[in-house]
Protein chains: 2
Amino acid sequence: MVSIIDVARAAGVSNKTVSRVVNGEPYVTPEMRERVERAIRDLGYVPNMAARMVRSSRSRTFGIITDYVSTTPYSGDIVRGIQDWATANGKIILLANTGGDPERELSIWNTFRSHQIEGVLYVTMYHRVVDPEAGDVDLPTVLINCHPGSRVDLPSIEPDDTQGSLDLTRYLLARGHRRIGYIRLNPILLGGEQRYEAFRHATTEAGIPENDIIVRLGMEGPVGKETNYVYSAARDILSDENRPTAIMCGNDEMAIQVYLAALHLGLRIPEDVSIAGFDDFQTLSLALKPELTTAALPYYDLGFKGTERLNQLIEIPADRPSRVVVPCELIERGSVSSK
Amino acid sequence: MVSIIDVARAAGVSNKTVSRVVNGEPYVTPEMRERVERAIRDLGYVPNMAARMVRSSRSRTFGIITDYVSTTPYSGDIVRGIQDWATANGKIILLANTGGDPERELSIWNTFRSHQIEGVLYVTMYHRVVDPEAGDVDLPTVLINCHPGSRVDLPSIEPDDTQGSLDLTRYLLARGHRRIGYIRLNPILLGGEQRYEAFRHATTEAGIPENDIIVRLGMEGPVGKETNYVYSAARDILSDENRPTAIMCGNDEMAIQVYLAALHLGLRIPEDVSIAGFDDFQTLSLALKPELTTAALPYYDLGFKGTERLNQLIEIPADRPSRVVVPCELIERGSVSSK
DNA sequence: AGCGCATTTGACGACGTCGTCATATAAATT
DNA sequence: AATTTATATGACGACGTCGTCAAATGCGCT
């Protein structure tokens, strides 16, 4: 471990002068600066963050706490967004995941305090309501991809499932679809409900009669262990001779099964039936042929902007908790045709 | 910030006694211990890791450095495995990603040194050959999901694509398939080549004539921007009147397109054509109907065991670089039938 | 020459923790 | 009774950094 003192010795100056050079402080002659910089290069000196933290009691570290449900792998993009903001702004990220265990969650909060964390990003892998076990601790916290429950009042940043679904539905309606099937996501998912409500809202608004909306529940049960009816629901809907001209799916994953069901019945996509997804999970949406028209969950942005927001919260602690919503962009590809 | 001294004052003991209690050292009377523990609870004391690091110059921290190609989201499981081992063994994880930029990579190594990292996990998002830019730095490093290039000699832990593909091919052969299609992964992917070679090896070994093996390249080009021929390749293979009875795919993502192509041609899966994938990316393999028979990439284990290995390396620095290979388990589901 | 001011450098201590050593008491051995 | 040994507690300093303050130098002005 080469310290500031080693550098000072090598450059023949005091440790404080080295400190000044390292931190870009004024009042150092160019000549001194030069000498110190060479010593730093020669010795391969890197400042010791731990010592800095002890000295300044500022860690420049944010903690991520996730529930890490591995069934939704795409939400890893949230972490990428967080990382990118952090790196660009000289912050360090400490990652921890609860595995859903509240006891673990408490111990994580302690770990965070131990590391002098300045703020916490509470990230869920699907859009839902949460009650962080923060308890006594009151670190600045931003909820990402989730919504505060009754016990807490925290700022959050969430995808606008409602707007996304509204846009998607209107897109379908604008293309002349008047009889539409809808396969619902698990009702315990916040996003699922918002998407469905928005769909209903848009169709009602367009004057589509109740009878022309065919709704099926695609899955239910606890997250990660749900039973899945999508394939049979899709077959069911599409077997009817008065079948809808389009099917909207709770998410892209469901869309696969609808594709398969449709093809199995000899229907062409999108000529015989149009299909729309949700999420824009590209491993799926681009693998499907024709590629899937869908609404993109802004995961990367959620992470990036959420972190930016946390930083604000830390610098200006006055600002009030609030909810920020990020739009879901409509991604037009080949699975929806005009009627 | 409540420090060990505050606790000592509150408990009416010396700071060293508190230190002893906190670290579970002997030579403390139960009575003293009790008193200190209450003070700790009352004040909500948590040890300051930064100070510990300065004192002991041991950080108990591992760094993860990834190339983070977002096209392969499932490899997030590697990170989960790392996390789990780390949490279970009291280690902290620092995450950083290069975004593929070598300059960034160098600055990350410095950040790591700055944080007194004890070891590095170099993780790639797909199985490939790498040359870490470690340069001057020589921190204990384990490569996860990648293989050292010529410039370095580092221990690695990798999936056994060869064994997985061998098992899968033999499984098909055992079920009587004698004419088999194979859609190859991008040739620049190490795993892709290994899988293909193993496939060829197994079929040759079983005496399948060259003519009964129909091979197509499914994709090529730089990772993340490849052109994809899978769908048309599958149509092509399956349109032939002397079509194979089974198709093996470079990975699960390709299998989707093969499903779609088969169904489009009115073929039933698995009655008319059997399909096998690779990876067991469950968002896909379980969404397909019938569910996909495939070989599971041991991502979680790669992370978990890789971290364990890194820890060994740190504790017993004597041990030689070596390559560990983790088997890919055959996952039997419904997409392959007997001939 | 004397003064004020800006610039440049360094000595010193504190942040929180824990290893080292010294001291104090009690129990066990001679 | 004298001693060794085991147990229990604390004083002190060092880890690497940087803020505070003091000191030294040079310059322009009266």
Side-chain angles (χ1 to χ4, degrees), chain A residues 1-40 43-61 90 92 110-118, chain B residues 1-40 43-61 90 92 110-118:
Chain A
M1 189 19 5
V2 27
S3 82
I4 213 169
I5 298 180
D6 301 320
V7 177
R9 225 180 333 251
V13 298
S14 80
N15 42 7
K16 180 65 224 203
T17 300
V18 179
S19 170
R20 273 193 263 264
V21 171
V22 171
N23 295 297
E25 286 172 32
Y27 300 140
V28 183
T29 48
E31 176 200 3
M32 277 289 148
R33 191 177 299 274
E34 168 59 30
R35 230 163 67 198
V36 171
E37 271 163 358
R38 186 164 49 250
I40 288 177
L43 298 170
Y45 165 78
V46 178
N48 181 328
M49 289 302 168
R52 277 190 175 169
M53 283 185 216
V54 174
R55 185 62 181 66
S56 66
S57 61
R58 286 210 51 193
S59 67
R60 311 184 144 273
T61 304
I92 294 296
N110 277 336
T111 306
F112 281 179
R113 284 219 297 145
S114 234
H115 284 267
Q116 314 267 93
I117 295 283
E118 296 182 348
Chain B
M1 192 8 17
V2 27
S3 83
I4 213 169
I5 298 181
D6 301 318
V7 177
R9 226 182 331 251
V13 299
S14 80
N15 43 7
K16 180 67 225 203
T17 300
V18 178
S19 170
R20 272 193 265 265
V21 171
V22 170
N23 295 298
E25 286 172 30
Y27 301 140
V28 183
T29 47
E31 176 200 3
M32 274 290 148
R33 192 176 298 274
E34 167 59 29
R35 230 163 66 197
V36 171
E37 271 163 359
R38 186 165 52 250
I40 288 177
L43 298 170
Y45 166 77
V46 178
N48 181 328
M49 289 300 169
R52 280 191 174 168
M53 282 184 214
V54 174
R55 184 61 182 66
S56 66
S57 60
R58 287 209 51 195
S59 67
R60 311 185 144 272
T61 304
I92 294 296
N110 276 336
T111 306
F112 281 179
R113 285 216 299 144
S114 232
H115 285 268
Q116 314 266 92
I117 294 283
E118 296 182 346

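So you know, we letter chains A, B, ... as the sequences are listed, proteins then strands, and number each from 1.
- For the atom pair B:M53 CE and A:M53 CE, the distance stands at 6.5 Å (nearest 0.5 Å).
- Close to D:dG16, at under 4.0 Å from its OP1 or OP2, lies no side-chain N or O of B:S57.
- Considering only side-chain N and O atoms, A:Y27 lies nowhere under 4.0 angstrom from the phosphate OP1 or OP2 of C:dG10.
- A donor and an acceptor atom sit less than 3.5 Å apart, one in the side chain of A:R55 and one in the base of D:dC18.
- Not a single side-chain hydrogen bond (donor to acceptor under 3.5 Å, both in side chains) links B:S57 to another residue, sequence neighbours left out.
- A salt bridge links B:R38 to B:E34: one of the charged nitrogens lies within less than 4.0 Å of a carboxylate oxygen.
- Spacing between atom CZ of B:R9 and atom C1' of D:dG10 amounts to 15 Å, rounded to whole angstrom units.
- To the nearest angstrom, C1' of C:dA14 lies 18 Å from CE of A:M53.
- If you take NE2 of A:H115 and P of C:dC15, they are 22 Å apart, rounded to a whole angstrom.
- In the helix from C:dA1-D:dT30 to C:dT30-D:dA1, the end axes, each obtained as the rotation axis mapping the C1' atoms of four pairs onto the next four within a five-pair block, lie 50° apart to the nearest 10 degrees.
- Checked against C:dT9, C:dT17, D:dG16, the side chain of A:S3 finds its nearest nucleotide in D:dG16.
- Taking 4.0 angstrom as the limit, A:T17 places none of its side-chain polar atoms (N or O) nearer than this to OP1 or OP2 of C:dT9.
- When B:V36, B:I4, B:V7 are each tested for a side chain to side chain contact (heavy atoms under 4.5 Å, CB included) with B:S19, only one passes: B:I4.
- Counting any heavy atom pair closer than 4.0 Å across all strands shown, A:E25 reaches sugar-phosphate atoms only and no base atom.
- In this structure, B:R35 contributes its side chain and B:V13 its backbone to no donor-acceptor pair below 3.5 Å.
- Here B:M1 lies in heavy-atom contact (under 4.0 Å) with sugar-phosphate atoms only.
- Along DNA chain D, the nucleotide closest to B:S14 and the one closest to B:S56 are compared, and the more 5′ of them pairs with B:S14.
- In this structure, the separation between CZ on A:R33 and CD on A:E25 is 9.5 Å, given to the nearest 0.5 Å.
- Among the nucleotides C:dC18, D:dG16, C:dT9, the one closest to the side chain of B:I4 is C:dC18.
- C:dG16 atom P lies 8 Å from atom CD of A:Q116, rounded to whole Å.
- Dashed line: the shortest gap from a side-chain N or O of A:N23 to OP1 or OP2 of D:dC18 is under 4.0 Å.
- Atom pair B:R52:CZ and D:dG16:C1' shows a separation of 18 Å (rounding to whole Å applied).
- A:P26 comes within 4.0 angstrom of nothing in the nucleic acid, heavy atoms only.
- Put simply, CZ on B:R60 and CZ on B:R52 are 9.0 Å apart, with the number rounded to the nearest 0.5 Å.
- Heavy-atom distances to DNA chain C give each of A:N15 and A:V28 a nearest nucleotide, and the one nearer the 5′ end belongs to A:V28.
- No donor-acceptor distance shorter than 3.5 angstrom exists from the side chain of B:T61 to the backbone of B:I117, with no hydrogens or angles considered.
- With DNA chain C read from its 5' end, the first of the two nearest nucleotides for A:M32 and B:V22 is the one closest to A:M32.
- The base of C:dG19 lies outside donor-acceptor range of the side chain of B:R20, with no N or O pair under 3.5 Å.
- The distance between atom CG of B:L43 and atom P of C:dG16, rounded to the nearest whole Å, is 13 Å.
- Using a distance-only test at 3.5 Å, with no hydrogens or angles considered, a donor-acceptor pair links the side chain of A:E118 to the main chain of A:S59.
- In the set D:dC15, D:dG10, D:dC18, D:dC15 carries the atom at the smallest distance from any side-chain atom of B:V54.
- Within the structure, a side-chain polar atom (N or O) of B:T29 is placed less than 4.0 Å from OP1 or OP2 of D:dT9.
- Taking atom NZ of residue A:K16 and atom P of nucleotide C:dG10, one finds them 12 Å apart after rounding to whole Å.
- Between the CD1 atom of B:I5 and the P atom of D:dA11 there is a distance of 11 Å, rounded to whole Å.
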